[in-house]
Amino acid sequence: MTMINHSEDDESLTKPLGRCSVFYYGIGHMLNDITSACWFTYLLVFLTDIGLSPSDAAVVMLSGQVADGLTTIFAGELIDRFGHFKVWHIAGSLLVAVSFSSVFGGCLPCKLIGSDSAMLQTIGYSVFAAIFNVGWAATQVSHMSMVNCITLNSTTRVVLASCRNAFTMVANLSLYAVAFVVFNIVGAGTPAAVENQYRWIAYISIFIGSCFVVMFAIGTREPRLKLEAHVKGYVRISWMYWFKKILYHQVALVYVLTRLVTNVSQAFLAFYVINDLQMSLSSKALVPAIIFVCSFVVSILLQEIKWTSQRLKGFYTAGGLLWVLCGIGILLLPRNMNAYMYILSIFIGIANALIMVTGVGMQSVLVGRDLNGCAFVYGSLSFMDKMICGVALFILESYQRSTPELHNCNPSYHFFSLNRYALGLVPAVCALLGVIVTCSMNLQTPILVPLEEPLLG
């Protein structure tokens, strides 16, 4: 197996990065993150609000997830072969910006043909959902795999992942701030009015995310380590090299379980607070906003830690167990105590940050110095994430039903709806399984050097 070996005295590759480099990298996923927040939080709500059945809405969601998953494999393979992270990142971002407005902007084929049949709507939304996710996947794989080729310093790699996660929270907060304003200013009531609401949310989100993509493109250089690998003719690492590693399968399982926790909980949060807890419509934006504020704060604090394998495992375990407690609270929370959802949101935000930052950090440890296979690792793990999350959301949403009887229930009774199980039980079980797998890992990290200039100096 051929891999890149750098001398220990090459300080430019092993010393911690400064705050500017960390910042510019961290903002590079903002367009993906703000559109993803809208996708997982509001797509199912939007599609059912305009008249699609829960099963048809699930088909649209699944089509996007399948397209995303397949693209991650191809993107990872091509990036490993040819490099050019920034080219893939910019091309994917352009496709995201162009296609996302069509996902929430109405059914274009329906307008062209002049028919609003359920089948044509499902096909139309599914096509644009797939196109959007192709661009999203190309951007994600190029951005995530870039970490290992920017620096060899293991602590800085985790810090880059932490900064990226912090700006994921900024993106989500931006989305929910926009949504909060739009939901309170732009009227709804008819399918056309609902489409208008989400069209405004989509346009503003694309503008915000695109501004950060431009800053990333200007402030971040093509990773030097990948360029050197191609110049020196290093052989691309075979897929079988990774498949033979037990750690690869453990990290993959933890990452998929982590994404199930965050994606499933995000997708059913709006349904739960509106239908089960009978909270105000603005809570669709306020409750998620609290979650992401807390995640942002924790992600910033995690950048100040000198990371070791034991700390990665310890912090993931803490986050996973915290999610288990939150899941129990969600399952048992009665409607007349819905204000406690705001308190639960704080702990959900903390737990999400802990498991996401450390989960991605484990991927960096897995890759190590095997840079000619890093894009495959991130691509293949993302493929498993997208496919499994897509199937899980499809199954859950297919069984989604309106619950008018809830209005007549005793407010002190915790009605066990699908929303409650999907938001409470599913993420809690996945988090617990993630903790069990994490504790069984044998992570090997080199001696680490702390970050010289933290993001918040």
| request: Apply side chain to side chain donor-acceptor pair (under 3.5 Å) to Ser380 and list each qualifying residue two or more places apart in sequence or on a separate chain. | output: Tyr248
| query | With sequence neighbours excluded, what pairs up with Asn338 under the side chain to side chain donor-acceptor pair (under 3.5 Å) test? | reply | none
Report yes if the side chains of [X] and [Y] come closer than 4.5 Å at any heavy-atom pair, otherwise no.
| X | Y | answer |
| --- | --- | --- |
| Phe271 | Asp276 | no |
| Leu62 | Leu393 | no |
| Thr308 | Leu312 | no |
| Phe183 | Ile201 | yes |
| Thr139 | Trp88 | no |
| Tyr342 | Leu286 | yes |
| Met341 | Val287 | yes |
| Val251 | Val377 | no |

With sequence neighbours excluded, what pairs up with [X] under the side-chain contact (heavy atoms from CB on, under 4.5 Å) test?
| X | answer |
| --- | --- |
| Ala392 | Leu260 |
| Ala252 | Leu381, Met384 |
| Leu325 | none |

With rounding to the nearest 0.5 Å, note down the distance linking [atom1] in [X] to [atom2] in [Y].
| X | Y | atom1 | atom2 | answer |
| --- | --- | --- | --- | --- |
| Ser382 | Gln140 | OG | CD | 3.5 Å |
| Thr220 | Phe85 | OG1 | CZ | 12.5 Å |
| Ile204 | Arg199 | CD1 | CZ | 12.5 Å |
| Leu160 | Ser21 | CG | OG | 8.5 Å |
| Leu78 | Ile73 | CG | CD1 | 11.5 Å |
| Ile206 | Ser101 | CD1 | OG | 4.5 Å |

| request: Sequence neighbours left out, what pairs pass side-chain hydrogen bond (donor to acceptor under 3.5 Å, both in side chains) with at least one residue falling in residues 209-218? | output: none
| request: Among residues two or more places apart or on two chains, list those pairs meeting side-chain hydrogen bond (donor to acceptor under 3.5 Å, both in side chains) that have a residue in residues 286-302. | output: Asn165-Ser299
Non-hydrogen atoms of [X] and [Y] that approach each other most closely:
| X | Y | value |
| --- | --- | --- |
| Ser142 | Ala138 | OG-O, 2.9 Å |
| Leu302 | Ala353 | CD1-O, 4.1 Å |
| Thr358 | Ile355 | OG1-O, 3.5 Å |
| Cys389 | Gln65 | CB-NE2, 3.9 Å |
| Cys439 | Thr317 | SG-OG1, 3.9 Å |
| Leu366 | Trp242 | O-CZ3, 3.7 Å |

| task | Can you label the angle between the Phe46 ring and the Phe104 ring as parallel, tilted or perpendicular, going by 30° and 60°? | result | tilted
Verify, without hydrogens or angle tests, whether [X] (side chain) and [Y] (backbone) share a donor-acceptor contact under 3.5 angstrom.
| X | Y | answer |
| --- | --- | --- |
| Arg420 | Leu331 | yes |
| Asn133 | Ala129 | yes |
| Lys313 | Met441 | yes |
| Lys86 | Ala217 | yes |

| request: Could you walk me through whether Met356 and Arg259 pass side-chain contact (heavy atoms from CB on, under 4.5 Å), step by step? | output: CA-CA 8 Å; Met356 279 304 301; Arg259 297 300 297 179; 3.2 Å; yes
| query | Is there a side-chain contact (heavy atoms from CB on, under 4.5 Å) between Met362 and Tyr255 once you walk through the steps? | reply | CA-CA 9 Å; Met362 292 175 193; Tyr255 181 70; over 6 Å; no
| message | Applying side-chain contact (heavy atoms from CB on, under 4.5 Å) to Phe212 and Leu31, what does each step give before you reach the verdict? | response | CA-CA 7 Å; Phe212 283 96; Leu31 177 60; over 6 Å; no
Donor-acceptor contacts under 3.5 Å from residues 89-99 side chains, at least two apart:
unit_1 : atom_1 : unit_2 : atom_2 : d
His89  : NE2    : Gly28  : O      : 2.6
Ser93  : OG     : His89  : O      : 2.8
Ser99  : OG     : Leu95  : O      : 2.7

| task | Apply the ring pair (Phe, Tyr, Trp, His ring centres under 6.0 Å) test between Phe100 and each candidate in Tyr203, Tyr198, Phe132; give the one that qualifies. | result | Phe132
| task | Please determine which of Phe216, Trp136, Phe167 meets the ring pair (Phe, Tyr, Trp, His ring centres under 6.0 Å) test together with His29. | result | Trp136
| field | His143 ring center within less than 6.0 Å of Tyr378 ring center | value | no
| request: Determine the sole option in Ile346, Leu269, Leu344, Thr262 for which the side chain to side chain contact (heavy atoms under 4.5 Å, CB included) test with Ile291 is passed. | output: Leu269
| message | Working note: Thr71 + Asp68, criterion side-chain hydrogen bond (donor to acceptor under 3.5 Å, both in side chains); need CA distance, chi angles, decisive distance, verdict. | response | CA-CA 5 Å; Thr71 304; Asp68 193 340; over 6 Å; no
Expected list for residues 168-179: side-chain donor-acceptor pairs under 3.5 angstrom, two or more places apart:
unit_1 : atom_1 : unit_2 : atom_2 : d
Thr168 : OG1    : Asp33  : OD2    : 2.8
Thr168 : OG1    : Arg164 : O      : 2.9
Asn172 : OD1    : Gln266 : NE2    : 3.3
Asn172 : ND2    : Thr168 : O      : 2.6
Ser174 : OG     : Val170 : O      : 2.8
Tyr176 : OH     : Thr41  : OG1    : 2.5
Tyr176 : OH     : Gln266 : NE2    : 3.2

| Sequence neighbours excluded - ring-ring contact (aromatic ring centres under 6.0 Å, His included) pairs with any residue from residues 313-337 | Trp307-Phe315
| task | Would you sort out whether Asn442 and Leu247 count as a side-chain contact (heavy atoms from CB on, under 4.5 Å), showing the intermediate values? | result | CA-CA 7 Å; Asn442 181 23; Leu247 184 61; over 6 Å; no
| Taking only residues two or more places apart in sequence, or in another chain, which ones meet Arg311 in a salt bridge (Lys or Arg N to Asp or Glu O under 4.0 Å)? | none
Going by atom type alone, with no hydrogens or angles, which donor-acceptor pairs under 3.5 Å involve a side-chain atom of residues 422-436 and a protein atom two or more places apart or on another chain?
none

